[in-house]
Amino acid sequence: MTEALTNTDLQGALPLVARGKVRDLYEVDDKTLLFVATDRISAYDVIMENGIPNKGVLLTLCTKTWFKILSDAVPGLRTHFITLDLPPTIPASLQPVLQNRAMQVHKLRILPIEAIVRGYITGSAWKEYQNSGTVHGIPVPAGLKESEAFPNGPIYTPSTKAEQGEHDENIHPDQATAILGEPYASKVAELAVQLYKAAHAYALERGVIIADTKFEFGVDEETNEVVLADEVLTPDSSRFWPKDSYAIGKGQSSFDKQYLRDWLVSQGLKGKEGVQMTPEVAQQTASKYKEAWEMITGGK
Ligand code: ATP
Ligand code: MG
């Protein structure tokens, strides 16, 4: 197995702007970023000590593929994607490491909420529903079972975008409106649901249920347009369930981080810093990610 890339070092070729939990962002010029997906993996907002070899490549190619699918499905959609080609300032010695892991993107003013859309009731939404009959404070029909599809269609359930080290918090769409203001709030809500529906339909035909996902949007400061940013529809940002084994009334086995989350909980390691995944957990997680990708792209 190749080694995981947990940190990038561009040896001064481009200035580092930020390190997120998974990505390292470099500045190409004042309008363009190099958005590099490392092999880091986080769960419950904590980064694991070791990475998943080649996860960054998979996330980058997955995002690029979805940008194309979504742009075809949603007329007028703007995404931050420019190219997978590396800027000419990157020395040849770094190209093998960065190839297919980095994309040049339009630099945006990122809107400070996570635009989550849920088609099925699971995770934190299921927990809240059992306590209060609501999801992000939104009343939903009584009598739903775990993993059931929302009877009136997918719902927009935003969360705050926490600072490093803090936890995102589920909020009601009205709170997102208070944070973003109009017209951005309405545009984000509308686009998020439209994109989820398009992706859900596409994946379902290929045997995958997208239970929920999270989008991020930014504003192009020159035109004030709302632009789809960040990663999209990856196993990091989405819950993918195999359609074949889907059954309501229980949790689902999934092609995503759930394996890692379940392991952390079972070991009492949820939310703990400095966790080293065992080779088995890393291996299982890697193969879940790969499976999700293969089902969506038809095995390429
Ligand atoms: P954070 O950076 O808050 O820790 P994260 O852990 O999810 O969040 P990553 O996914 O590792 O972060 O890094 C991606 C970062 O880049 C996010 O903060 C995201 O908001 C930001 N981002 C994504 N697309 C763009 C863009 N086009 N312009 C500017 N920033 C962007
Ligand atoms: Mg992110």
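Read the numbers this way: they start at 1 and go in the same order the structure lists the ligands and their atoms. Note that the structure is a prediction, hence the values are computed from the model and not measured. Heavy-atom basis, side chains included; hydrogens, waters and symmetry copies ignored.
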Who pairs with Asp39 by salt bridge (charged side-chain N to carboxylate O under 4.0 Å, His left out), at least two apart in sequence or on another chain?
-> Arg101
Ring pair (Phe, Tyr, Trp, His ring centres under 6.0 Å): pairs with one or both residues in residues 202-234, sequence neighbours excluded | Trp66-Tyr202
Parallel, tilted or perpendicular: ring planes of Tyr120 versus Trp241, cut at 30 and 60 degrees = perpendicular
Name the residues in contact with ligand 1, where contact means a heavy atom under 4.0 Å away: which are they?
-> Gly20, Lys21, Val22, Arg23, Leu25, Leu33, Phe35, His80, Val105, His106, Lys107, Leu108, Ile110, Lys161, Gln164, Glu216, Ala229, Asp230
Would you call Arg239-Asp212 a salt bridge at under 4.0 Å N-O?
-> yes
Residue Glu182 excluded, over 12 heavy atoms near CD under 6.0 Å | yes
For residues 9-25, the side-chain hydrogen bond (donor to acceptor under 3.5 Å, both in side chains) pairs (sequence neighbours left out) are Asn7-Arg19, Thr8-Asp24, Arg19-Asp24, Arg23-Glu231, Asp24-Arg40
